[in-house]
Enquirer: 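Submitted below is the structure of interest, expressed as structure tokens.
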Amino acid sequence: MKLTIVGCGDAFGSGGRLQTCYHLEIAGRGVLIDCGASALIGLNRLVLAPNDIDTVFITHLHGDHFAGLVWLIMHAQHVGRRTAPLTIVGPSGIEDRYMAAAEALFPGSTEMDLGFALQFVAYDADDSLTIGPASVSVREVSHPSGAPSYALRLEAEGRVLAFSGDTEWVDALVDVAAGADLFIIECYGFDADVRYHMNWRIIERNLDRLVAQRVMLTHMNSHMLANRAAVQSPRVLLAEDGLVLDV
């Protein structure tokens, strides 16, 4: 399972980073975890073909995690001339939220023939799904977005990648991280408490409970980025746009 970080920034582009989007290559095909508004820019920058993406998993319905679907699907229709099916998997309400966003940004776009099959699949708390070559299980976390927000645990090719999504600390993250080859965890701040988000000091206190081979910090604000040198654990990585890892 090959991971490419298309974007690991917060909603505000702190540090010049693109919004959340992770690309996985599984069995020669592309999978996205989250698709922030800047996702298509990042895919083009990294020469990752949008038409090779079969499935997009969305953790929650904030624009910096799902709004890039609008441009991804328009690209598939007008530029890529896509014919292969595309599956979008997300919280209950994902289809309605996408339709509302697409119509607000490009009126009439949802009434046009796409030229390919677009399928929306909704998951709920504690669901387990198999989509193509990947199995995913979800746990609800604490980050209001007008719909439930989830952490994901994705298994493929004998490897496990887990992702907290955006959330304040919840004990469910211990189960999500357990035994994962890589656990990507939101680390919005350094030491200041921000409701519904995490900071490095909270993660540091709970690091021994996160029994993953590697832990990667993501979604960092400017204060956290300025204090990156304080992260000294050899098990902890810092996300960077464009970083490529074998999970």
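Note that these values count all heavy atoms, side chains included, but never hydrogens, waters or copies made by symmetry. Remember, predicted model here, so these are calculated numbers, not experimental data.
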Enquirer: Would you say the side chain of Leu207 lies within less than 4.5 Å of the side chain of Arg235, judging by non-hydrogen atoms?
Expert: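 Yes, at least one pair of side-chain atoms sits under 4.5 Å.
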
Enquirer: Under the side-chain contact (heavy atoms from CB on, under 4.5 Å) rule, what do Val231 and Phe190 come out as? Steps first, then yes or no, please.
Expert: CA-CA 10 Å; Val231 180; Phe190 176 62; 5.8 Å; no

Enquirer: Could you report the tightest heavy-atom contact between Pro50 and Leu40, atom names first, then the distance?
Expert: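 Nearest heavy atoms, Pro50 then Leu40: CG-CD1, 3.8 Å.
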
Enquirer: Can you see which heavy atom on Ala76 is nearest to which on Asn51, and at what distance?
Expert: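 It is CA-OD1, 4.3 Å.
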
Enquirer: If I take atom CD1 from residue Ile33 and atom OG1 from residue Thr59, how far apart are they, to the nearest 0.5 angstrom?
Expert: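 Here the rounded value is 9.0 Å.
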
Enquirer: If hydrophobic clusters are built by linking Ile, Leu, Val, Met, Phe, Trp and Tyr wherever their side-chain heavy atoms come under 4.5 Å apart, do Met99 and Met112 end up in the same one?
Expert: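 Different clusters.
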
Enquirer: When you group the ILVMFWY residues by side-chain heavy-atom contacts below 4.5 Å and let the links chain together, are Leu118 and Leu61 in the same group?
Expert: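 Yes, one cluster joins them.
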
Enquirer: I'd like to check Ser149 versus Thr167 (side-chain heavy atoms, cut-off strictly below 4.5 Å). Are they in contact?
Expert: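 Of all side-chain heavy-atom pairs linking Thr167 with Ser149, none is under 4.5 Å.
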
Enquirer: Nearest 0.5 Å please: distance from the OG1 atom of Thr55 over to the CD1 atom of Ile26.
Expert: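 Rounded to the nearest 0.5 Å, the OG1-CD1 separation comes out at 8.5 Å.
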
Enquirer: Counting C-beta onward and ignoring hydrogens, is there a side-chain heavy-atom pair between Tyr188 and Met198 closer than 4.5 Å?
Expert: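 Counting from C-beta outward, Tyr188 and Met198 never come under 4.5 Å.
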
Enquirer: Per the side chain to side chain contact (heavy atoms under 4.5 Å, CB included) rule, which among Leu69, Leu24, Val56 passes with Leu32?
Expert: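 Answer to the side chain to side chain contact (heavy atoms under 4.5 Å, CB included) test with Leu32 among Leu69, Leu24, Val56: Val56.
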
Enquirer: Okay, side chain of Asp181, backbone of Val160: is any donor-acceptor separation there less than 3.5 Å?
Expert: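 Checking the backbone N and O of Val160 against the side chain of Asp181, a donor-acceptor pair under 3.5 Å is found.
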
Enquirer: Is there a side-chain contact (heavy atoms from CB on, under 4.5 Å) between Met224 and Asp10 once you walk through the steps?
Expert: CA-CA 11 Å; Met224 179 59 211; Asp10 60 8; over 6 Å; no

Enquirer: Could you tell me whether the side chains of Ser142 and Glu168 share a donor-acceptor contact shorter than 3.5 Å?
Expert: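 Per modelled atom types, Ser142 and Glu168 side chains form a pair under 3.5 Å.
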
Enquirer: Tell me whether Asp241 contacts the main-chain N or O of Leu18 through its side chain, where contact means a donor paired with an acceptor under 3.5 Å.
Expert: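 Answer holds: yes.
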
Enquirer: Exactly one of Phe66, Phe57, Tyr98 should register a ring pair (Phe, Tyr, Trp, His ring centres under 6.0 Å) with Phe120. Which one does?
Expert: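 Exactly one pass, corresponding to Tyr98.
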
Enquirer: Out of curiosity, Arg29 CZ to Asp54 CG, how far, rounded to the nearest 0.5 Å?
Expert: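 With rounding to 0.5 Å, CZ (Arg29) is 4.0 Å from CG (Asp54).
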
Enquirer: Arg209 side chain to Asp171 main-chain N or O, any donor-acceptor pair under 3.5 Å?
Expert: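 Here the side-chain-to-backbone pair does not exist.
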
Enquirer: Please answer whether the main-chain N or O of Ile94 pairs with a side-chain N or O of Arg97 as donor and acceptor at a distance below 3.5 Å.
Expert: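 Not a single qualifying donor-acceptor pair exists.
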
Enquirer: In Å, rounded to the nearest 0.5 Å, how long is the span from OG of Ser38 to CG of Asn44?
Expert: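 Answer rounded to 0.5 Å: 11.5 Å.
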
Enquirer: For the pair Arg139 (side chain) and Asp175 (backbone), establish whether a donor and an acceptor sit closer than 3.5 Å, ignoring hydrogens and angles.
Expert: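 Judged by distance alone, no pair lies under 3.5 Å.
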
Enquirer: Evaluate the criterion side-chain hydrogen bond (donor to acceptor under 3.5 Å, both in side chains) for residue pair Glu186 and Ser164; output intermediate values, then yes/no.
Expert: CA-CA 6 Å; Glu186 184 227 6; Ser164 69; 5.5 Å; no

Enquirer: So that I can tick it off, tell me whether Asp246 and Arg159 are bridged by a salt bridge, with the cut-off set at under 4.0 angstrom between side-chain N and carboxylate O.
Expert: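 Salt bridge between Arg159 and Asp246, a charged N being under 4.0 Å from a carboxylate O: no.
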
Enquirer: Under the 3.5 angstrom rule, does the side chain of Glu25 hit a backbone N or O of Leu3 as a donor-acceptor pair?
Expert: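 Such a contact is absent between Glu25 side chain and Leu3 backbone.
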
Enquirer: Side-chain heavy atoms nearer than 4.5 Å, only ILVMFWY residues, links allowed to pass through others: does that put Phe163 and Leu182 together?
Expert: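 Both belong to a single hydrophobic cluster.
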
Enquirer: For the backbone of Ser137 and the side chain of Arg153, can you confirm whether one donor and one acceptor N or O come within less than 3.5 Å of each other?
Expert: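 It does not hold such a pair.
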
Enquirer: Quick one: does Arg17's side chain have a donor or acceptor within less than 3.5 Å of a partner on Ala239's backbone?
Expert: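 Indeed, once roles are kept as given, a pair shorter than 3.5 Å links the two residues.
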
Enquirer: Are the side chains of Trp71 and Cys35 in touch, meaning some heavy atoms are under 4.5 Å apart?
Expert: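 Side chain of Trp71 against side chain of Cys35, heavy atoms only: no contact under 4.5 Å found.
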
Enquirer: Measure across Gln77 and Asp113 and return the closest heavy-atom pair with its distance rounded to 0.1 Å.
Expert: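 Answer, listing the atom of Gln77 first, then Asp113: NE2-O, 3.1 Å.
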
Enquirer: Could you go through Ser109 and Glu103, starting from their C-alpha distance and side-chain angles, then the distance that decides it, and tell me whether this counts as side-chain contact (heavy atoms from CB on, under 4.5 Å)?
Expert: CA-CA 6 Å; Ser109 62; Glu103 277 301 308; 4.1 Å; yes

Enquirer: For the residue pair His143 and Val170, establish whether any side-chain heavy-atom pair is separated by less than 4.5 Å.
Expert: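 When only atoms from C-beta onward are counted, Val170 and His143 do not touch, as no gap falls below 4.5 Å.
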
Enquirer: Rounded to the nearest 0.5 Å, what's the gap from SG on Cys8 to NE2 on His219? Could you check?
Expert: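 NE2 of His219 is found 10.0 Å from SG of Cys8.
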
Enquirer: Would you say Val141 ends up clustered with Leu161 if hydrophobic residues are merged whenever their side chains have heavy atoms under 4.5 Å apart, either directly or through other cluster members?
Expert: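 Each belongs to a different hydrophobic cluster.
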
Enquirer: If I take atom CG from residue Leu154 and atom CE from residue Met1, how far apart are they, to the nearest 0.5 angstrom?
Expert: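 Between atom CG of Leu154 and atom CE of Met1 there are 5.5 Å.
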
Enquirer: Between Glu157 (side chain only) and Ala134 (backbone N and O only), is there a donor and an acceptor less than 3.5 Å apart?
Expert: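 No; zero donor-acceptor contacts below 3.5 Å.
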
Enquirer: For residues Ile185 and Leu217, determine if any side-chain heavy atom of one lies less than 4.5 Å from a side-chain heavy atom of the other.
Expert: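 They are in side-chain contact.
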
Enquirer: With a sphere of 6.0 Å drawn around CZ of Phe106, does it hold more than 12 non-hydrogen atoms of other residues, nucleotides or ligands?
Expert: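 Yes - once you tally the heavy atoms of other residues, nucleotides and ligands closer than 6.0 Å, there are more than 12.
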
Enquirer: Mind listing the closest non-hydrogen atom pair of Ile58 and His65 along with its distance?
Expert: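 Smallest heavy-atom distance, with atoms named: CD1-O, 3.5 Å.
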
Enquirer: Are Ile53 and Leu43 close enough that some pair of their side-chain heavy atoms sits under 4.5 Å apart?
Expert: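 Sidechains of Leu43 and Ile53: in contact.
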
Enquirer: For residues Asn227 and Asp191, determine if any side-chain heavy atom of one lies less than 4.5 Å from a side-chain heavy atom of the other.
Expert: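 In short, these two side chains do not touch, never coming nearer than 4.5 Å.
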
Enquirer: For Phe116 versus Ala84, what's the shortest heavy-atom pair and its separation?
Expert: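 Looking at all heavy atoms of both residues, the shortest contact is CB-O, 3.5 Å.
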
Enquirer: Does a donor on one side chain sit under 3.5 Å from an acceptor on the other, for Asp124 and Ser92?
Expert: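 Distance-only check passes for Asp124 and Ser92.
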
Enquirer: Between Val6 and Leu46, what is the shortest heavy-atom contact and its length?
Expert: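 Scanning both residues completely, I find the closest heavy atoms to be CA-CD1, 3.9 Å.
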
Enquirer: How about Asp166 and His62: does a side-chain donor come under 3.5 Å of a side-chain acceptor?
Expert: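 Side chains of Asp166 and His62: no pair found under 3.5 Å.
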
Enquirer: When clusters are formed by joining ILVMFWY residues with side-chain heavy atoms under 4.5 Å apart, either directly or through shared neighbours, do Val138 and Ile131 land in the same one?
Expert: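 They do share one cluster, since a chain of ILVMFWY contacts under 4.5 Å joins Val138 to Ile131.
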
Enquirer: Give a yes or no on whether the backbone of Ala125 and the side-chain of Glu140 come within a donor-acceptor separation of less than 3.5 Å.
Expert: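 Answer holds: no.
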
Enquirer: Looking only at the side chains, is there a donor atom on one of Tyr22 and Thr218 sitting less than 3.5 Å from an acceptor on the other?
Expert: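 Thr218 and Tyr22 do have a side-chain donor-acceptor pair below 3.5 Å.
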
